[in-house]
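What you are looking at is a predicted structure, and each value in this text was computed from that prediction instead of being measured. We number each residue from 1, following the sequence as shown.
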Amino acid sequence: MSVDPPPPRSVVVELCGLPGAGKSSLASAIGAMGDRLGVAFPTAGIAPDVPAGRRIARKLGLCSVETARRPALEATMIRQIVRSGQPSPAGAVSRWVQWASTQSLMGRARGVAGVHVFDEGVLQALWSLGLRGDPEATLRTLAASVGRWSSPDLVIVLDPPVELLAGRLRDRPSSHSRLQRVSDDAELHAELVVGRSLLERLAVWWEAIAPVEASLVRMRGEHGDPGVAMDAIDAAVRRIEATTAGSYAVGRRRGGSKAGP
């Protein structure tokens, strides 16, 4: 008598943090260390270094897919984002595009075995929303509909000191982040303090509503430690494999087992 092995599962990892926290550097290190896990980076095609026209076209295509897949939820999300007090209609649209395109990629990753690392995910999209508006209604909507939207299995929060973040943003040659365009040092510091507080608020919210098998890890040092990240990813992979195996075994017992030769 033999039992088929459980099907392979995807593991979705989200890296989140303020601009300059080191998400890209940590993602690169994870990619270099994670060959055996089949690490993929679904957001690479819509990253800031992708030419603007191509990036926008891809995001709009992803939003169309997500809207067709979850029309009721996305209609609610659009209403909540518009009502959140964003500084302009364009800002509200940008926040929803960030949310919906990431959701589309995360939903797609769920159907592919392996480890999928997002440096723009659920918490990062909500952070952008909350930085210039009130995210409370959106958070309530998502908390009430857990399971109807795509969520990560592991969230890694990068939280270096504010002073270090300010220095990194000043030294960056690019200006992808709005915070990089803040010229006054005191204003930049104040913005980063607010952003850091918001990130911690979202992390606490996530821990309260996340599925039981999900986890969150905080990295508070100057640099995200790739070794710590890989340990957390390995633990998430083992946990999800065990959960999948247990669920599969129960299903096989209910549906009958396959006899071997």
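- For R95 against I81, the heavy-atom pair with the smallest separation is CB-CG2, 3.9 Å.
- Side-chain contact, S215 with R239: a donor N or O sits under 3.5 Å from an acceptor N or O.
- In this structure, CG on L154 lies 10.5 Å from CG on D234, to the nearest 0.5 angstrom.
- Taking each heavy atom of S10 and D153 in turn, the nearest pair found is O-OD2, 3.9 Å.
- Residues T141 and Q80 have side chains that bring a donor and an acceptor to within less than 3.5 angstrom of each other.
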Determine whether W149 and V122 satisfy the following criterion, side-chain contact (heavy atoms from CB on, under 4.5 Å), listing intermediate values before the conclusion.
CA-CA 10 Å; W149 46 277; V122 170; 3.8 Å; yes
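- In this structure, CD on Q103 lies 10.0 Å from CG on L105, to the nearest 0.5 angstrom.
- At a threshold of 4.5 Å between side-chain heavy atoms, the hydrophobic network of Ile, Leu, Val, Met, Phe, Trp and Tyr places V50 and V117 in two separate groups.
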side-chain contact (heavy atoms from CB on, under 4.5 Å) between L142 and L126, worked out:
CA-CA 11 Å; L142 294 175; L126 294 172; 3.9 Å; yes
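- Contact annotation: the side chain of P42 never approaches that of M106 to less than 4.5 Å [non-hydrogen atoms, C-beta and beyond].
- Taking hydrophobic clusters as Ile, Leu, Val, Met, Phe, Trp and Tyr residues chained together by side-chain heavy-atom distances below 4.5 Å, V65 does not share a cluster with W99.
- Contact check for L202 versus L139: side-chain heavy atoms found under the 4.5 Å cut-off.
- Across L164 and P160, no two heavy atoms sit closer than the pair CD2-CB, 4.0 Å.
- Within the 4.5 Å cutoff, the side chain of T102 has no heavy atoms near those of the Q124 side chain.
- In terms of heavy atoms, G195 sits closest to L131 at CA-CD1, 3.9 Å.
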Evaluate D159 against R218 for side-chain contact (heavy atoms from CB on, under 4.5 Å), listing each step before the verdict.
CA-CA 7 Å; D159 185 22; R218 290 174 174 83; over 6 Å; no
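- Remark: the backbone N or O of G147 is not paired with any side-chain donor or acceptor of S151 at under 3.5 angstrom.
- Atom CD1 of I233 is separated from atom CD1 of I30 by 4.0 Å, given to the nearest 0.5 angstrom.
- Connection of V194 to L199 is not established within any shared hydrophobic cluster, with ILVMFWY side chains joined at heavy-atom distances below 4.5 Å, either directly or through further cluster members.
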Full working for side-chain contact (heavy atoms from CB on, under 4.5 Å) between R9 and V237
CA-CA 9 Å; R9 265 250 357 229; V237 169; over 6 Å; no
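- Residues V11 and V112 are members of separate hydrophobic clusters, defined by side-chain heavy-atom contacts under 4.5 angstrom among Ile, Leu, Val, Met, Phe, Trp and Tyr.
- Shortest non-hydrogen contact noted between Q86 and L129 is NE2-O, 3.0 Å.
- Closest heavy-atom contact between W127 and P19: CH2-CD, 3.6 Å.
- Ion pairing of E241 with R238 is absent here, as no side-chain N (NZ or NE/NH1/NH2) approaches a carboxylate O to less than 4.0 Å.
- Test I56, L62, V97 against I46 for side chain to side chain contact (heavy atoms under 4.5 Å, CB included) and you get one pass: L62.
- The residues E191 and R132 are annotated as salt-bridged, a charged nitrogen and a carboxylate oxygen being separated by less than 4.0 angstrom.
- A distance of 10.5 Å separates CH2 in W205 from CD in E136, rounded to the nearest 0.5 Å.
- Between the side chains of E120 and Q98, at least one donor-acceptor pair of N or O atoms lies under 3.5 Å.
- A continuous path of Ile, Leu, Val, Met, Phe, Trp and Tyr side chains, each step under 4.5 Å between heavy atoms, connects I209 with V155, placing both in one hydrophobic cluster.
- One finds the CE atom of M33 at 13.0 Å from the OG atom of S28 (value rounded to the nearest 0.5 Å).
- Screening R108, R110, R70 against S150 for a side chain to side chain donor-acceptor pair (under 3.5 Å) leaves a single residue, R70.
- Summarising the geometry, atom OG1 belonging to T67 is positioned 5.5 Å from atom CD belonging to E74; distances are rounded to the nearest 0.5 Å.
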